[in-house]
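The basis for the numbers below is simple: all heavy atoms, side chains too, and nothing from hydrogens, waters or symmetry mates. None of these values were measured; they are calculated from a predicted model. As the structure lists them, so they are numbered: ligands from 1, and atoms in each ligand from 1.
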Amino acid sequence: MEEYEKKGTITIDYLRELGNIPSEERMKKGPVAMTECVQDIPCNPCAEVCPTKSIHMDNINDRPKVDFNTCIGCTLCMQVCPGLAIFMLDKSKEKPRLTIPYEMLPMPERGDTVRLLDREGKDIGEGRVIALLFPDKKYRSALVTVEVDDENLLLEARNLRVAGVKE
Ligand code: SF4
Ligand code: SF4
């Protein structure tokens, strides 16, 4: 049994071992997808939808592997992922940006400062919402892009909470 199966959450070290973390150099070039899909499950819409064929899987049960060199950061894979298992990382702007799939309420608004949560749901900092896609959540997850002061949050923050909402 893998460590994450005992603990219930995955770690950055584990994702690094899998090669799922884009390099600093790549993140500085523009938005890039990072997958946190580590179980062998029959699912592949991310690979099917990718316009640059940057998500590789040997078969439908395989784990997705992103080619960071060809990924253009379009977010299409995030939009179709039923597992909320893809994030977008971007260090090309003045402040680092992270895009998180979000299916909770209340929905944040552009300009809001939101609390950022780690993989265990712990509050680890804040981000300012600079873009919001599909906030009506009718057919897919909302995609919330936040700007952060602390670049470590790009790898550590994986959910958010609208400020003022109790844990
Ligand atoms: S962000 Fe776009 S280009 Fe990159 S892996 Fe996802 S679908 Fe492909
Ligand atoms: S769509 Fe999401 S859950 Fe399905 S294989 Fe891709 S990353 Fe994993």
(request) Consider ligand 1: state whether an atom of it lies below 4.0 angstrom from any non-hydrogen atom of Val49. (result) no
(request) Using a strict 4.0 Å cut-off to heavy atoms of Pro45, name the atoms of ligand 2 that fall inside it. (result) 1 (S)
(request) Mind checking whether Thr52 contacts ligand 1 via backbone (N, CA, C, O), side chain (CB onward), both or neither, at a 4.0 Å heavy-atom cut-off? (result) side chain
(request) For Ile55, take its heavy atoms, then give the atoms of ligand 1 lying under 4.0 Å from any of them. (result) 5 (S)
(message) For atom 6 (Fe) of ligand 1, what is the closest protein heavy atom, and at what distance to 0.1 Å?
(response) Cys77 SG, 2.3 Å
(request) Give, for atom CZ of Arg26 and atom OG of Ser92, the distance between the pair rounded to the nearest 0.5 Å. (result) 8.5 Å
(request) Give, for atom CE of Met107 and atom CG of Leu132, the distance between the pair rounded to the nearest 0.5 Å. (result) 6.5 Å
(request) Please could you name the atoms of ligand 2 that Cys81 approaches to less than 4.0 Å, counting only its heavy atoms? (result) 1 (S), 2 (Fe), 3 (S), 7 (S)
(request) Taking all heavy atoms of Thr35 and all of Pro64, pick out the closest pair and write down the distance. (result) OG1-O, 3.7 Å
(request) Report, in ascending order of atom number, the atoms of ligand 1 lying under 4.0 Å from any heavy atom of Cys50. (result) 3 (S), 5 (S), 7 (S), 8 (Fe)
(request) Could you list which atoms of ligand 1 come closer than 4.0 Å to a heavy atom of Thr75? (result) 1 (S), 2 (Fe)
(request) Show which atoms of ligand 2 fall inside a sub-4.0 Å distance from at least one heavy-atom site of Cys43. (result) 1 (S), 3 (S), 4 (Fe), 5 (S)
(message) Can you tell me if, anywhere in Cys71, an N/O/S atom lies at a distance from atom 4 (Fe) of ligand 1 that is smaller than 2.8 Å?
(response) yes
(request) Considering the heavy atoms of Gly73, write down every atom of ligand 1 situated less than 4.0 Å from one of them. (result) 1 (S), 4 (Fe)
(request) Report yes or no: does Arg140 contribute a side-chain atom to a donor-acceptor pair with the main-chain N or O of Gln79 at less than 3.5 Å? (result) no
(request) Taking only Lys NZ, Arg NE, NH1 and NH2, and the carboxylate oxygens of Asp or Glu, determine whether Arg63 and Asp40 approach each other closer than 4.0 Å. (result) yes
(request) Taking only heavy atoms of Pro51 into account, list the atoms of ligand 1 that are under 4.0 Å away from them. (result) 7 (S)
(request) Mind checking the CG-CG spacing from Asp149 to Asn152? Nearest 0.5 Å is all I need. (result) 12.0 Å
(message) Between the side chains of Asp123 and Arg161, is the shortest nitrogen-to-carboxylate-oxygen separation below 4.0 Å, so that they form an ion pair?
(response) yes
(message) I'd like to check which ligand 2 atoms, numbered from 1 as shown, lie under 4.0 Å from a non-hydrogen atom of Cys37.
(response) 3 (S), 5 (S), 7 (S), 8 (Fe)
(message) One thing to verify: whether Glu147 and Lys93 come together as a salt bridge, which I'm taking to mean a side-chain N less than 4.0 angstrom from a carboxylate O.
(response) no
(message) Show me which atoms of ligand 2 lie under 4.0 Å from any heavy atom of Cys46.
(response) 1 (S), 5 (S), 6 (Fe), 7 (S)
(request) Show which atoms of ligand 2 fall inside a sub-4.0 Å distance from at least one heavy-atom site of Pro82. (result) 1 (S)
(request) For Ile72, counting its heavy atoms only, list the atoms of ligand 1 lying under 4.0 Å from any of them. (result) 3 (S), 4 (Fe)
(message) atom 2 (Fe) of ligand 1 and Cys74: any N/O/S contact shorter than 2.8 Å?
(response) yes
